Novice: 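This structure is in structure tokens; I'll ask about it shortly.
Fair warning: this is a prediction, and the values are worked out from it, not measured in the lab. Atoms within a ligand are numbered from 1 in the order they appear, just like the ligands themselves.
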Amino acid sequence: MSDNINTSIEPFAKKDGGLVALDVHAIRKDFPILQTKVYGKPLVYFDNAATSQKPKAVIDRIVHYYENENANIHRGIYHLSEMASEAYEGARNIVQKNINAASRGEIIFVRGATEGINLVASSWGRAHLHPGDEVLISGMEHHANIIPWQIICEEKGAVLKVIPVTADGELDLEAFQKLITEKTKFVSVVYVSNSIGTINSVKSIIEKAHAFRIPVLVDGCQAAPHIAIDVQELDCDFLVFSGHKIFAPTGIGVLYGKEKYLEAMPPYQTGGDMIQAVSFVKTTFKEIPYKFEAGTPDISGAIGLGTAMEYISGIGRTMIHDYEQKLLSYATEKIRQIEGLKIIGTAREKIPVISFTVAGAHPLDIGTLLDFEGIAIRTGNHCTQPLLAGFGVSATCRASLAFYNTIEEIDFFAESLDKVIKKIRS
Ligand code: 7TS
């Protein structure tokens, strides 16, 4: 592949009556790291499900914060602290608007999806679960949405139940309907699978759970970069996502929770900034969201997250969706032709995440040899061991794309994949 990648693409999206295409060439210039060379070859970054790259707007915003606004928040009466607090709270407003939460108190900044789920499992679970109660998760959860529930269930004598996954990699909704009973007290499901790309019908899961007055947490980690999220439209009770997967820094993420649930939950962590008054006898806590944000938070991360969300809105969710769907079908068709290659997860609705195995070639060897071509893919179990076990494999290769990837990169990937497979087999 030449250094000057031709990133032109046929017009495919209709907007305002005209044909427009996402200008991937211009977009790539926003991401400095995409100019990187690996072993002298242009980087082809296909590990976006693990973490996304950051646009210059986000990097610049963080630099600006440290060069001009850095101070601790909610404490100082001086100018800098006010600026930092304003920027941090401004980021909360951006998140609220972006996911259409009813109030800013429903947006809690956490370290990431993992911390968000741990917070709910621990705080809600400790307050509400009793022996014999059941918590329902699905067979395609990331470990982050399994283990916190396993632990709290064990602690409270509750039982963890699992919605099965079909051979295509979709949730078995008929089985789900049967699993919901009077004993079910909480449902926690992934919106989009990180290892096989399935987009789950979370709205219908939420509707069915609500018919039994059961709250639902949606793990929106892989949905947030690809799908417009409207928490009021979904009517989810909790939703989590990580900033670093949506072009923001690592170390920041969001827990959305409906006010009525958050109000009734005890704090998860305690300490500075989350209290109203402390004595050695008793402590009272601030209102939400502050009750759940103990200690100095990741201020610059939250600000960077706000900028990243504005950056995505600036490009347009529909444009991103249409373009990514085109990348997905092109890549799927292209690699499907490779002899012995099997795609794991062929759901009807997917984001551009393709997991596959290849007869006679271990994923680790494929990943290692692709790296020498400058191509970054993920190999292994993608923190979804139970899901892969269900497919009878312990590891896959996973190519996960973002809107800054191109058709030309896919061509080069498919060509290189074919080459490395032949090399491994020879
Ligand atoms: N839930 C899902 C669906 C995920 O994909 C991930 C991370 C998490 C939760 C945890 O997110 P964190 O930011 O708190 O770590 N998924 C991946 C992945 O697919 N490869 O690396 C991390």
Novice: Do NZ/NE/NH1/NH2 and the carboxylate oxygens of D237 and K260 come within less than 4.0 Å?
Specialist: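 Salt bridge flag = no for K260 with D237.
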Novice: Count the heavy atoms of every other residue, nucleotide or ligand shown that sit under 6.0 Å from NZ of K97, and state whether that count exceeds 12.
Specialist: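 Open.
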Novice: Quick one: look up the protein heavy atom nearest atom 15 (O) of ligand 1 and list residue, atom name and how far away it is.
Specialist: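 The protein heavy atom lying closest is T114 OG1, 3.6 Å.
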Novice: For R378, take its heavy atoms, then give the atoms of ligand 1 lying under 4.0 Å from any of them.
Specialist: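 Reading through ligand 1 atom by atom, the close ones are 20 (N), 21 (O).
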Novice: Might you confirm whether atom NZ of K208 has over 12 heavy atoms from other residues, nucleotides or ligands at distances under 6.0 Å?
Specialist: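 Result for NZ/K208: enclosed.
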Novice: Tell me the contacting part of C221 for ligand 1: side chain, backbone, both, or neither, using a 4.0 Å heavy-atom threshold, strictly below.
Specialist: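 Side chain only.
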Novice: Of all the non-hydrogen atoms in the protein, which one sits nearest to atom 3 (C) of ligand 1, and at what distance?
Specialist: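 Protein heavy atom at minimum distance: D219 OD2, 3.3 Å.
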Novice: Once rounded to the nearest 0.5 Å, what's the spacing between atom OH of Y323 and atom CD1 of I407?
Specialist: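 Reported to 0.5 Å precision, the distance equals 6.0 Å.
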Novice: Indicate yes or no: does an N/O atom of E115 lie under 3.5 Å from an N/O atom of ligand 1?
Specialist: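 Not met; the criterion fails.
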Novice: Short list, please: which atoms of ligand 1 are under 4.0 Å from a heavy atom of N194?
Specialist: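 So the atoms of ligand 1 that pass are 5 (O), 16 (N), 18 (C), 19 (O).
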Novice: So, 4.0 Å and heavy atoms of H244: is ligand 1 close enough to count as a contact?
Specialist: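 Contact present.
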Novice: Give the atoms of ligand 1, by number and element, whose distance to some non-hydrogen atom of S242 is under 4.0 Å.
Specialist: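 Numbered from 1, ligand 1 contributes 11 (O), 12 (P), 13 (O), 14 (O).
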Novice: Any idea which protein heavy atom is nearest atom 5 (O) of ligand 1, and the distance to it?
Specialist: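 The closest one turns out to be Q222 NE2, 2.7 Å.
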Novice: Should you measure from each heavy atom of V190, which atoms of ligand 1 turn up under 4.0 Å away?
Specialist: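 This gives 3 (C) as the contact atoms.
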Novice: Heavy atoms, side chains only, cut-off 4.5 Å: are V110 and F292 in contact?
Specialist: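 Counting from C-beta outward, V110 and F292 never come under 4.5 Å.
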Novice: Would you mind checking which non-hydrogen protein atom is closest to atom 4 (C) of ligand 1, with the distance to 0.1 Å?
Specialist: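 Here the closest protein heavy atom is H142 CD2, 3.4 Å.
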Novice: In chain order, what residues pass the ring-ring contact (aromatic ring centres under 6.0 Å, His included) check against W149, with sequence neighbours excluded?
Specialist: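 Listed in chain order: F186.
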Novice: Output yes when the distance from some N or O of ligand 1 to some N or O of R398 is under 3.5 Å, and no in every other case.
Specialist: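 Indeed, backbone or side chain, R398 has an N or O that close.
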Novice: Identify, with sequence neighbours excluded, every residue that meets side chain to side chain contact (heavy atoms under 4.5 Å, CB included) alongside E89.
Specialist: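 Expected list: H74, R92, R104, Y290.
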Novice: Is the distance between the ring centroids of Y65 and Y88 less than 6.0 Å?
Specialist: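 No; Y88 has its ring centre 6.0 Å or more from that of Y65.
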Novice: Starting from atom 16 (N) of ligand 1, locate the nearest protein heavy atom and write down its residue, its atom name and how far away it is, to 0.1 Å.
Specialist: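 The closest one turns out to be K245 NZ, 3.0 Å.
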Novice: Check this for me, if you would: do K334 and D411 make a salt bridge, where the nitrogen-to-carboxylate-oxygen distance has to be below 4.0 angstrom?
Specialist: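 Yes, this pair counts.
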Novice: Would A49 count as a contact of ligand 1 if the rule is a heavy atom under 4.0 Å away?
Specialist: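 A49: in contact with ligand 1 (<4.0 Å).
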